[in-house]
Colleague: 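A single structure is presented below for examination.
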There are 2 protein chains.
Amino acid sequence: MKQTKISDAVVKRLPLYLQVLNELKAREVKTVSSQELGHLLDFNPAQIRKDLAYFGDFGRKGIGYEVDYLIEKIRHILKINQTISVALIGAGNLGHALCNYNKYSKDNMQIVAVFDAHEAKVGTKINNLVVQPMEELADTIKQQKIRIGIITVPAQEAQNVANQLIAGGIEGILNFAPTILRAPDEVRVQHADFTKELLSLAYYLNHKEEGYDESDMD
Amino acid sequence: MKQTKISDAVVKRLPLYLQVLNELKAREVKTVSSQELGHLLDFNPAQIRKDLAYFGDFGRKGIGYEVDYLIEKIRHILKINQTISVALIGAGNLGHALCNYNKYSKDNMQIVAVFDAHEAKVGTKINNLVVQPMEELADTIKQQKIRIGIITVPAQEAQNVANQLIAGGIEGILNFAPTILRAPDEVRVQHADFTKELLSLAYYLNHKEEGYDESDMD
DNA sequence: TAGATTGTTAATCGATTAACAATC
DNA sequence: TAGATTGTTAATCGATTAACAATC
């Protein structure tokens with residue numbers, strides 16, 4: 001029984017592999033080498049082979065990887081086979097977008113409940129889901145076996161919502177609010193804050209030439 | 001004139017520093033040590049000092065960093081002072097959410113134009129911005145000095161939209177579509193794909209215990 | 001002054017890449 | 001078989017952390 005701690009860097013790349021493999025499958029490509037995958041993803045082929053080798057021997061020497069087979073393996077590693085129930089808190093614009101996105105997505109996440117603290121929102125419908133009041137959060141988590149909470153409320157309310165999710169026994173949180181959440185170690189918190197992406201994009205646009213020039217500061 | 005190549009890891013942390021500093025400022029905290037910042041962010045204090053030192057000597061030995069001053073310095077580094085014009089392509093749910101978000105945001109990005117390929121959308125309004133047809137993209141980029149394009153169209157259309165942005169002379173792209181974009185080296189492409197965050201979250205929920213156990217595969 | 005904390009060098013840690021025997 | 005490509009070990013590279021002189 002081989003057990004290795006897989007690094008965050010590797011886990012982050014798995015969804016990317018899956019994405020490219022799905023695109024290859026759509027193009028009816030049957031096998032692919034680490035060389036080709038590396039070219040498509042701008043990764044080093046050795047890195048791809050090493051990443052995949054953490055989980056088993058999926059390739060064939062001299063041939064490469066069978067696309068269908070590798071997809072199945074990675075789906076298995078990420079446990080996409082089983083559906084995970086998700087709650088969304090914050091029925092604003094972003095919440096709507098995510099619900100809508102979720103409806104068409106074919107991966108394992110399923111938003112099964114939506115909550116909002118504002119009375120005006122409670123009772124309205126998003127894609128057949130009735131927006132519930134926050135008071136029902138803990139009970140619903142238990143009844144519907146919800147494991148992940150997506151936070152799409154304003155930054156000031158995010159920690160409060162997180163606390164309620166944690167109290168309700170949530171296992172993971174995807175936080176869209178631009179604030180850092182405190183959570184116990186058992187609860188995995190992932191940030192999906194595109195403002196940070198925009199800010200670093202701005203940095204790169206303004207420092208395109210090369211390194212940072214300290215005299216810029218004056 | 002000291003010039004150093006700043007690593008991606010450092011640039012990614014700058015917005016986080018800014019975020020925490022802004023929260024400290026709101027609480028009227030005047031100075032903060034790398035120790036305290038490290039505690040708030042779960043970072044090593046030495047790392048914070050090293051990161052900041054790339055850009056200049058912002059702290060005072062024995063005291064720490066002045067919150068207001070450091071905020072100004074980081075804003076300067078990220079060039080948040082000057083506004084950057086942004087175009088959004090894809091007037092769907094996510095596009096709406098981003099426009100709305102942008103209206104209230106106080107940072108440097110400003111969505112100044114919205115485009116959509118679908119006739120039904122063209123001419124409708126999002127926060128005072130009239131949705132324009134794709135044909136006007138290149139001209140608008142030039143006229144309005146747009147530097148960044150945000151892509152919120154379905155995955156299949158994303159590369160096509162990216163090509164049009166690139167042809168129009170865009171400098172950076174923030175891609176929300178779950179697909180990998182090909183772009184020349186001069187154009188910085190940043191991915192803001194929360195599906196990937198969700199997938200890795202799922203991984204961690206299912207492999208909480210410890211390392212990966214290869215016999216799980218059977 | 002004594003205590004605290006920076007900026008920075010050196011040490012450590014971990015992740016990426018190169019290289020190659022194994023083998024399809 | 002000859003050519004290709006894996007899985008894996010060893011080498012390299014880069015990022016994080018520890019340690020400490022400088023100094024507020």
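All values below come from the heavy atoms of this structure, side chains included, with hydrogens, waters and symmetry mates left out. Reminder, nothing fancy here: chain letters follow the sequence lines and each chain counts from 1.
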Colleague: For B/Ile63 and A/Lys61, find the nucleotide of DNA chain D closest to each by heavy atoms; which residue's nucleotide sits nearer the 5' end?
Modeller: A/Lys61
Colleague: Rounding to a whole Å, what distance do you find between B/Phe58:CZ and C/dT8:P?
Modeller: 12 Å
Colleague: Kindly compute the distance separating NZ (B/Lys145) from OG1 (B/Thr140), expressed to the nearest 0.5 Å.
Modeller: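 Spacing of NZ (B/Lys145) from OG1 (B/Thr140) equals 13.5 Å.
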Colleague: Taking the side chain from B/Thr152 and the backbone from B/Gly90, do they hold a donor-acceptor pair closer than 3.5 Å?
Modeller: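 Side chain of B/Thr152 to backbone of B/Gly90: a pair is present.
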Colleague: In this structure, how many angstroms lie between the P atom of C/dT8 and the CZ atom of B/Phe55, rounded?
Modeller: 14 Å
Colleague: Taking only N and O in the side chain of B/Tyr54, is any of them less than 4.0 Å away from OP1 or OP2 of D/dA15?
Modeller: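 Negative; the distance criterion is not met.
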Colleague: Between C1' on D/dT6 and OH on A/Tyr69, what's the gap in Å once rounded to a whole number?
Modeller: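 Computing the A/Tyr69:OH to D/dT6:C1' distance gives 14 Å.
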Colleague: Tell me which nucleotide among D/dA18, D/dT16, C/dT17 gets nearest to the side chain of B/Ala46.
Modeller: D/dA18
Colleague: Strictly distance-based, threshold 3.5 Å: is any side-chain N or O of B/Glu72 a donor or acceptor partner for the main-chain N or O of B/Tyr69?
Modeller: no
Colleague: Would you say the side chains of A/Asp51 and A/Gln47 form a donor-acceptor pair under 3.5 Å?
Modeller: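 The answer is no; no qualifying pair exists.
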Colleague: Give the nucleotide from the list C/dA22, D/dT9, D/dC24 with an atom nearest to the side chain of A/Lys50.
Modeller: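 Within the option list, the nearest is D/dT9.
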Colleague: Would the distance check show the side chain of B/Asn175 and the main-chain N or O of B/Thr179 forming a donor-acceptor pair, the cut-off being under 3.5 Å?
Modeller: yes
Colleague: Look at the side chain of A/Arg182 and the backbone N and O of B/Leu40, then say whether any donor-acceptor pair between them is shorter than 3.5 Å.
Modeller: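 At least one qualifying donor-acceptor pair exists.
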Colleague: Which residues in residues 24-33 of chain A have a heavy atom closer than 4.0 Å to any atom of DNA chain C?
Modeller: none
Colleague: State which of D/dT8, D/dT16, C/dT8 makes the closest approach to the side chain of B/Arg49.
Modeller: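 The answer is C/dT8.
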Colleague: Could you go through B/Val86 and B/Leu174, starting from their C-alpha distance and side-chain angles, then the distance that decides it, and tell me whether this counts as side-chain contact (heavy atoms from CB on, under 4.5 Å)?
Modeller: CA-CA 10 Å; B/Val86 177; B/Leu174 184 62; over 6 Å; no
Colleague: Reading DNA chain C 5' to 3', how would its secondary structure be written in dot-bracket notation, given Watson-Crick and G-U pairs with both distances under 3.5 Å, brackets [ ] for crossing pairs and | for partners on other strands?
Modeller: ..||||||||||||||||||||||
Colleague: Among the candidates D/dT9, C/dT23, C/dT8, find the nucleotide nearest to the side-chain atoms of B/Asp57.
Modeller: C/dT8
Colleague: With DNA chain C as reference, determine whether A/Val10 or A/Arg60 sits nearer its 5' end, using the nearest nucleotide of each.
Modeller: A/Val10
Colleague: I want to check one thing: is the phosphate of C/dT5, taken as OP1 and OP2, less than 4.0 Å away from some side-chain N or O of B/Ser34?
Modeller: no
Colleague: Starting from P on D/dT16, measure out to NZ on B/Lys12 and report it in whole angstrom.
Modeller: 10 Å
Colleague: On DNA chain C, check which nucleotide each of A/Gly62 and A/Asn44 is closest to and give me the residue with the more 5' one.
Modeller: A/Asn44
Colleague: Between B/Gln164 (side chain only) and B/Val161 (backbone N and O only), is there a donor and an acceptor less than 3.5 Å apart?
Modeller: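 Not confirmed, B/Gln164 side chain does not pair with B/Val161 backbone.
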Colleague: Please report, rounded to the nearest Å, how far the P atom of C/dG7 is from the CD atom of B/Gln47.
Modeller: 15 Å
Colleague: Taking NZ from A/Lys5 and P from C/dC13, how many angstroms apart are they, rounded to a whole number?
Modeller: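 Rounded to whole Å, this separation is 17 Å.
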Colleague: In this structure, are over 12 heavy atoms from other groups packed under 6.0 Å from A/Gln144 atom CD?
Modeller: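 Correct, the count exceeds 12.
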Colleague: Nearest whole angstrom, please: distance from the P of C/dA4 to the CD of B/Gln35.
Modeller: 11 Å
Colleague: I want to check something: taking the side chain as every heavy atom from C-beta on, are A/Leu14 and B/Leu199 in contact at a cut-off of under 4.5 Å?
Modeller: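 No, too far: nothing below the 4.5 Å cut-off.
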Colleague: What is the distance from CD1 of B/Ile6 to C1' of D/dA15, rounded to the nearest Å?
Modeller: 13 Å
